[in-house]
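Just so it is clear, the values below take in all heavy atoms, side chains as well, and ignore hydrogens, waters and symmetry mates. Naming: A, B, ... by sequence-line order, numbering from 1 per chain.
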Amino acid sequence: MKHSYPRSRFSFLLLVALSGSAFAQGTPEDYRLLQSSGPIPADFLQLSSQKYEQEKAAISRQEKSFEKKAKQAFFLKSSFLLHDLLYSGQVLFNDPVGGYVNQVADQLLAGNPSLRKQIRIYVVKSPSVNAFATNSGVILINLGLIAQLETESQLAFVLSHELTHYLKKHVMNQYVEEQKIEQGKRTYRSLSAEEKLLSRSNYSQELETEADLEGLATFLKSNYSTRQLNGVFDVLQYSYLPFDDVPFEKSFFETPHLQLPAAYFLGKVKAIALPSEVEETKSSHPSINKRRASVLGRINRDEASTKGDYLVSKAAFAEARQTARYELSYLYLSGLQYEKAIYHSYLLLKEDSTSRYLRKNVAKALYGLSQYANQGAYAQVHDAEADTEGCSQQVVHLFGKLTPKELNALALKYVRDLGKEFPEDTELPALGNALLKSLVLRHCESDADFATRPRAVEREAADLVANADTVDPEKRSKYQKIAITHLKKKNADSEQFIRYAFVDDFRDPAFSRAFGQHWKEKQASNQQREETTKQQRLRERGESQQKVRAAKLIRQKGAALGIDKIVMISPSYAKIDERKKKPIRYVASERAEVKLVEQIQCNARAANLVVDVLSDNTFTSADAGKFNDYARLRNWIRERVKHLDAAVPMHNSDAAGVGALVEKYGTKYYCWTGFVSVREKKPGKALALFTSMVVYPLLPFGIYYVVAPDYNTYYYSLVFDLTTGEPVFTDLQLIDRKNTRDVLNSTVHNTFYQLKNKR
Amino acid sequence: MPWPTKKEFGVLIVLLGCAGVCCAQPGYQGKKLSVQANLLFLPAVVNGSYHRAPDWLTFNTTGEVSVDYVLGKRNGLGLSYRRARTSSINEDDQAVVSPDKVFTQSVNVHYRIHKKAFGNLAPLGKYVQFGTGVMFNQAKPKTGAPVPFRTYAVRLGKGRNRILADRLLLSYGWELAYLLPASGGEGIAGATHYYENDAPSAAQYRLWRHSLLNLKVGLGFLAR
């Protein structure tokens, strides 16, 4: 397979220059999310069925039948799962961080160019601290891991560990061994379920130990120093913690008029637990301590002075790591891990306090927390305080203490203050308006809930508090100290601390006007609620009749949306045969998926609807731009679906990026569609046949029951308006028959017609 | 043979005109009009065929050409022309004077309702068909001149359409038909059959049996 990465430092720098620096200071957005660039590598373009056939052909004929079958099953599954992962929207190619990691691999394997050619390394946009190798030579490294590493040599060691997994075919061997354990072959005969689990774990641990030691051998052949290897195991040990442990300052969210009560902050956070000495017998990996001891025990302390921790460059490592950390801020946000996103951004803001990207992420995280709290679904996004260690516990504690009203007000205040700093930003006003509306409609009991003027004592003290950091506490006058104590006491009352939050904002006529309008809206809504029962019943009946009429019309004639253009993202097709042990028919599914794209385009022409298809089956090597759009939309829908459960108003973490797609493709309607065709198991075939033979006139029916296959086809189609995040068309259907071409065409065309047609 | 009256033509034209006006659905990939050739058949177990006596391997057949137009998501309207011939060679001794050969041509309209299930969008999928038609028949006795007469039929059918290669229409199903009393013709000259006094005569009875139940297969294409 052709290797598509730049090998030299020059080409890496060229790549960075062409793709644009991730930290483009001075631009409206100071950080741009990582994207793929350049030609799409062959790993992404080759069909999984082709990869499977190639790998299957490499199986020796001398292999025993069981192993041969197990390997075939492994190749089949791994080819398709890898393809799914590569097109999950999370894997990047030719990006600056991936480019750097590949340079490290170049250095690591400088003495083994043939092996280097076999290896393709990609970066995965995932916050978890992990890396993994596939049987085909693809190594995937999570940004979460890169964000935590301390030196380039540590990254080289991780790569050498994964290289061993590839060289020794660990993934495949593990699969084959697991099949043996599962089916009780050879030494695994007559094992209990518990013993099987243990055997599986032991085998996996053996492979990991081998990967560590053989990886170390590879590493030692390179010019990387072993000095920092101990740190790799620290990274793994504390992978559940953020990349740094810095106390969260109370003042982070505070303003002169919004002082958080001290009771909302912990005096002492939970200490980070010491490494456990208990051996995890059922884990897939040996304990970190054991791994650390076995690796460090083989290191020769008298290392050659030519070896170093950085062979590419320290600056390149620092930039790659910093990029990974910046990405994590977004990844936590899009994963609805809002508290982690806030603490993570807080850590980064310590170094880059003016970053608009990071502060916007904090604003979006506050918005998310507030909306979930307002919907009564806070538990879905609030971390468990008892499970959090270190300074990040302070954040979890604070958001556990804040009431929904306080949280809403805090979020609004933060968003508004940020909006004042960046008046040209289009996202912040939208967030602010939504937060103001929910604050008034859900939480305000009177229009005087929030003070428009500071109290006399606060007016004086506010200045003091604002300057508290700059004034030496010992140099404060007796009266200043009294005033501050007085204010803090008042702030201890939660109602009080939030009441004065918007004193500054009420001076802005637009804010006052918006607040007043929402208040009127609330009053009107309250008034409606107070209508007589009869009026209310009449109104409700009218509304309900209207809804019924509209639903009936759609049922009878279909929707009529009058859309001229849509973009379809990755139309999918899954073929399942429930009668078989391995029910997913990977190869047939892929073939059907390719055909489905053709059918979509054909039906689009027939319906006179312009359809752009972004599908893994349609990309060529020059389509990196489309691939990025595809990835962005995959991530958008992933986040959207997460919000569906709680029915929370959506604000996408990457709203600006997704908004740009609306302009690029000239439509705001994006469609996710697919078919699942299931050949179902028929129960009681033997009984049916026997009964029909006994009652012989029923024999034809009995034979028909046994012979005739039972098919069901499931169809889904969801069209979202990307600007609002709301679905405009949903169609989820069960087609009680086989997935023949005419049925699929008819179904797709019906959808297109409803999208295009105007009533 | 008498042609349809102006009135009958008028009804057909109005019906087809309505089809064009109220069509709100796309049909199959936008193709609403289909032209189809069908064969209706049943083993000539009771009735002999045109050439042969009753037998399991002998078939009474009717040829049909139909034009169907999709009216909506679940319904369609069609116009068909049918032609068939049969004989009475199976008749018992008493029927020696019954018509030897019977020829029929018919013009029919039918309305299809497709089953309410997803994936069953007209013209695709299972349907129930209601139809009516005027049959222009001719009975040819063994002796004497042919006697034309006209009957009306009401039909009920069930079937299923499949579409191959986005153009070809394959259909199969069955049909029940009931022939209403005949008009025109004065009976068959010299008939001594027990139906001889009935206006439709033995020929009509023969046709009634011929049309009562038929299996149907057809092949057509989606025109536009």
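Applying the 6.0 Å contact sphere to CZ of A:Phe701 captures no more than 12 heavy atoms from other residues, nucleotides or ligands. The environment of NZ in A:Lys664 is crowded: more than 12 heavy-atom neighbours from other residues, nucleotides or ligands sit within 6.0 Å. Summarising the local packing, CZ of A:Arg638 is surrounded by more than 12 heavy atoms from other residues, nucleotides or ligands at distances under 6.0 Å. Counting heavy-atom neighbours within 6.0 Å of A:Lys626 NZ, excluding the residue itself, gives a total of 12 or less. Remark: A:Tyr716 OH is packed, more than 12 non-hydrogen atoms of other residues, nucleotides or ligands lying under 6.0 Å away.
Of all residues spanning residues 721-747 of chain A, those with a heavy atom less than 4.5 Å away from chain B's heavy atoms are A:Asp731, A:Gln733, A:Leu734, A:Ile735, A:Arg737, A:Thr740, A:Arg741, A:Asp742, A:Val743, A:Asn745, A:Ser746, A:Thr747, arranged by number. Annotation: residues 159-168 of chain B contacts chain A through B:Arg160, B:Arg162, B:Ile163, B:Asp166 [non-hydrogen atoms, separation under 4.5 Å].
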*Verdict with supporting geometry, B:Lys73 and A:Asn750, side-chain contact (heavy atoms from CB on, under 4.5 Å)*: CA-CA 9 Å; B:Lys73 206 170 178 176; A:Asn750 184 43; 4.1 Å; yes
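For B:Tyr111, the side-chain hydrogen bond (donor to acceptor under 3.5 Å, both in side chains) criterion is met by B:Asn75, not counting sequence neighbours. Remark: B:Lys31 pairs with B:Gln29 by the side-chain hydrogen bond (donor to acceptor under 3.5 Å, both in side chains) rule, at least two apart or across chains.
Heavy atoms of B:Lys126 lying under 4.5 Å from chain A belong exclusively to its backbone. The part of A:Tyr715 that comes within reach of chain B is its side chain, from C-beta onward, which places non-hydrogen atoms under 4.5 angstrom from that chain.
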